[in-house]
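Numbering of residues begins at 1 and proceeds along the displayed sequence. All of these numbers come straight from a predicted model, not from anything done at the bench.
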Amino acid sequence: MGLKTEALTGGFAEPVFHAQSVFKMLMDGMARPGAIQTVQPDAAPPTPLGIAAGAIALTLCDHDTPVWLSQGLAKSAVPEWLGFHAGAPLTTEKAEARFAFTEAGIALSSFGLFASGTQEYPDRSTTVVIELAELEGGRRLALMGPGIQSMTEIAPVGLPETFLRLWTENRALFPRGIDIVLTAGKRFLCLPRTTKITATEI
């Protein structure tokens, strides 16, 4: 399959219906941080973009939303695929991005370069979609905050060691800050900036 063919195929079979379905899952995921959602639609993005990440990109990205891609994604057929199916412009400036996507296994050194919004417009921030190996079976993390009854746990595989420190720095910016979606294959979970994340005691 050539680069061109890969870029032109793999979108939603029924774009409006499927985008509405994924959008509803994302809203539900943001309202219930840590709850794992499974994407049903048949998006088939080019590797190394996962199915859930691709479905989220098709749902949220359009010609008004600059997208930042990590190096592995930027070198693949993903830019052409996003351009063809969503019309989304790419940016190399993290601060300009409305959405950012990283492939699995990449080291994130900081969230500080992404847009964190302003006090007046905190929603003008970057949503960062991070692909991981798995959403279960890793180091256990405790989540607390709005949308969580008392506490919930997640155990994603492949988050960088520095993630908790980076997230604490991000939460300190509230109401500014980034929101994160963790994806693995067809599944995803949301971590809005209001969520407090701590390491659970083993």
Side-chain angles (χ1 to χ4, degrees), residues 1-26 29-30 36-111 113-115 125-136 138 156-160 163 178-191:
M1 190 188 279
L3 200 63
K4 278 283 168 274
T5 322
E6 205 178 0
L8 302 183
T9 58
F12 287 147
E14 299 176 55
V16 174
F17 173 73
H18 285 155
Q20 284 174 339
S21 150
V22 175
F23 188 75
K24 188 173 176 302
M25 280 186 212
L26 280 164
M30 284 292 178
I36 293 177
Q37 312 275 345
T38 302
V39 168
Q40 300 303 336
D42 50 356
T47 54
L49 195 65
I51 291 173
I56 289 166
L58 293 183
T59 300
L60 297 180
C61 302
D62 60 29
H63 57 277
D64 287 330
T65 57
V67 174
W68 179 88
L69 299 174
S70 60
Q71 209 172 2
L73 294 176
K75 285 180 176 170
S76 70
V78 170
E80 289 84 3
W81 185 79
L82 265 180
F84 178 76
H85 293 284
L90 294 188
T91 177
T92 53
E93 295 297 323
K94 291 180 177 179
E96 287 173 8
R98 287 304 306 272
F99 302 102
F101 293 84
T102 73
E103 78 267 26
I106 186 168
L108 282 166
S109 53
S110 163
F111 299 143
L113 296 175
F114 291 111
S125 60
T126 309
T127 297
V128 183
V129 181
I130 302 173
E131 182 81 16
L132 298 174
E134 296 285 345
L135 294 183
E136 294 172 303
V157 176
L159 274 181
F163 181 77
I178 63 163
D179 301 311
I180 284 181
V181 182
L182 300 180
T183 61
K186 287 187 169 183
R187 307 163 83 209
F188 72 88
L189 64 83
C190 299
L191 298 173

Identify every side-chain donor-acceptor pair in residues 59-66 under 3.5 Å, counting partners at least two apart or on other chains, and give the distances.
unit_1: Thr59; atom_1: OG1; unit_2: Ala55; atom_2: O; d: 2.7
unit_1: Asp62; atom_1: OD1; unit_2: Asp64; atom_2: N; d: 2.7
unit_1: Asp62; atom_1: OD1; unit_2: Thr65; atom_2: N; d: 3.4
unit_1: Thr65; atom_1: OG1; unit_2: Asp62; atom_2: N; d: 2.8
unit_1: Thr65; atom_1: OG1; unit_2: Asp62; atom_2: O; d: 2.9

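The backbone N or O of Phe114 lies less than 3.5 Å from no partner atom in the side chain of Glu93, so there is not a single donor-acceptor pair.
The shortest side-chain heavy-atom distance between Ile180 and Phe163 falls under the 4.5 Å cut-off.
When all heavy atoms of Ala53 and Phe101 are compared, the closest pair comes out as O-CE2, 3.5 Å. Smallest separation of non-hydrogen atoms from Ala95 and Ala115: O-CB, 3.2 Å. Ala184 approaches Ala133 most closely through the heavy-atom pair CB-O, 4.0 Å.
Residues meeting the side-chain hydrogen bond (donor to acceptor under 3.5 Å, both in side chains) test with Ser110, sequence neighbours left out: none. Checked against side-chain contact (heavy atoms from CB on, under 4.5 Å), Thr127 has the following partners two or more places apart in sequence or in another chain: Phe99, Asp179, Val181. Checked against side-chain hydrogen bond (donor to acceptor under 3.5 Å, both in side chains), Thr126 has no partners two or more places apart in sequence or in another chain. A search for side-chain hydrogen bond (donor to acceptor under 3.5 Å, both in side chains) contacts involving Glu96 returns Thr91, not counting sequence neighbours. By the side-chain hydrogen bond (donor to acceptor under 3.5 Å, both in side chains) test, Arg187 is found to be paired with Glu136, residues two or more places apart in sequence or in another chain being considered.
Considering CZ of Phe188 and CD1 of Ile36, their distance stands at 10.5 Å, rounded to 0.5 Å. Glu103 contributes atom CD, which lies 11.0 Å from atom OG1 of Thr183 (distance to the nearest 0.5 angstrom). To the nearest 0.5 Å, atoms CD1 (Ile56) and CG (Leu49) are separated by 9.5 Å. Phe111 CZ to Ile130 CD1: the interatomic distance, rounded to the nearest 0.5 Å, is 5.0 Å. From Leu182, atom CG reaches atom CG of Leu191 across 5.0 Å, with rounding to the nearest 0.5 Å. Atom CG of Leu58 and atom CG of Leu82 lie 7.0 Å apart (nearest 0.5 Å).
Between Val78 and the choices Leu73, Thr47, Leu90, the side-chain contact (heavy atoms from CB on, under 4.5 Å) rule is met once, by Leu73.
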